[in-house]
Amino acid sequence: MTALKALLLIRVKPGKEKEVLEKIINIPEVLEAGIILGEYDIYASVKIESPIKQRQLLSVLFQVIINNIGSIDGVTSTLTLITFDYLTKKKWGLTSTELVRPSPPPID
């Protein structure tokens, strides 16, 4: 089985972050996604697995980005970072479909 992993950085229209995130996490190839601060609004970790050749995996990744992510209402642009070698300490799994936000600091 051949695999390809990529990290996608996604810009969305203001106020659409949660709505877009909920759609992205339901895409089968997305392992993890979250709202971030900075130039981009959302990140998504994507994994494509198939018995096909490595070059064909890039085509499948392109289709996922264009057809599944880029077509979501509110997405304005994406940046794709393809991972060639990676290490992981543990397997990541979806533990919750609810948006997790840090608690605000107490007001004195």
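Note that these values count all heavy atoms, side chains included, but never hydrogens, waters or copies made by symmetry. Every value quoted in this text rests on a predicted model; they were computed, and no experiment measured them.
- Scanning all heavy atoms of the two residues, the minimum distance from A44 to I24 falls at CB-CG2, 4.0 Å.
- In this structure, the separation between NZ on K23 and CD on E19 is 4.5 Å, given to the nearest 0.5 Å.
- In this structure, CD1 on I42 lies 12.0 Å from OG1 on T78, to the nearest 0.5 angstrom.
- Electrostatic pairing of K16 and D73 counts as a salt bridge here, judged by a charged N lying under 4.0 Å from a carboxylate O.
- Counting all heavy atoms, side chain and backbone alike, T80 lies closest to A6 at CG2-CB, 4.2 Å.
- For the atom pair CG (L4) and OG1 (T83), the distance works out to 8.0 Å, reported to the nearest 0.5 Å.
- Put simply, the side chain of D41 never gets that close to the backbone of L37: no donor and acceptor are under 3.5 Å apart.
- In this structure, I36 CD1 and L9 CG are separated by 5.5 Å, a value rounded to the nearest 0.5 Å.
- Side-chain atoms of E22 never come within 3.5 Å of backbone atoms of V20 as a donor-acceptor pair (strictly under, hydrogens ignored).
- Rounding to the nearest 0.5 Å gives a distance of 4.5 Å between CD1 of I72 and CD1 of I27.
- A distance of 14.0 Å separates CG in L57 from NZ in K5, rounded to the nearest 0.5 Å.
- For the pair T76 (side chain) and R11 (backbone), a donor-acceptor distance under 3.5 Å is present.
- Across V30, L31, L61, a single residue satisfies side chain to side chain contact (heavy atoms under 4.5 Å, CB included) together with K47, and that is L31.
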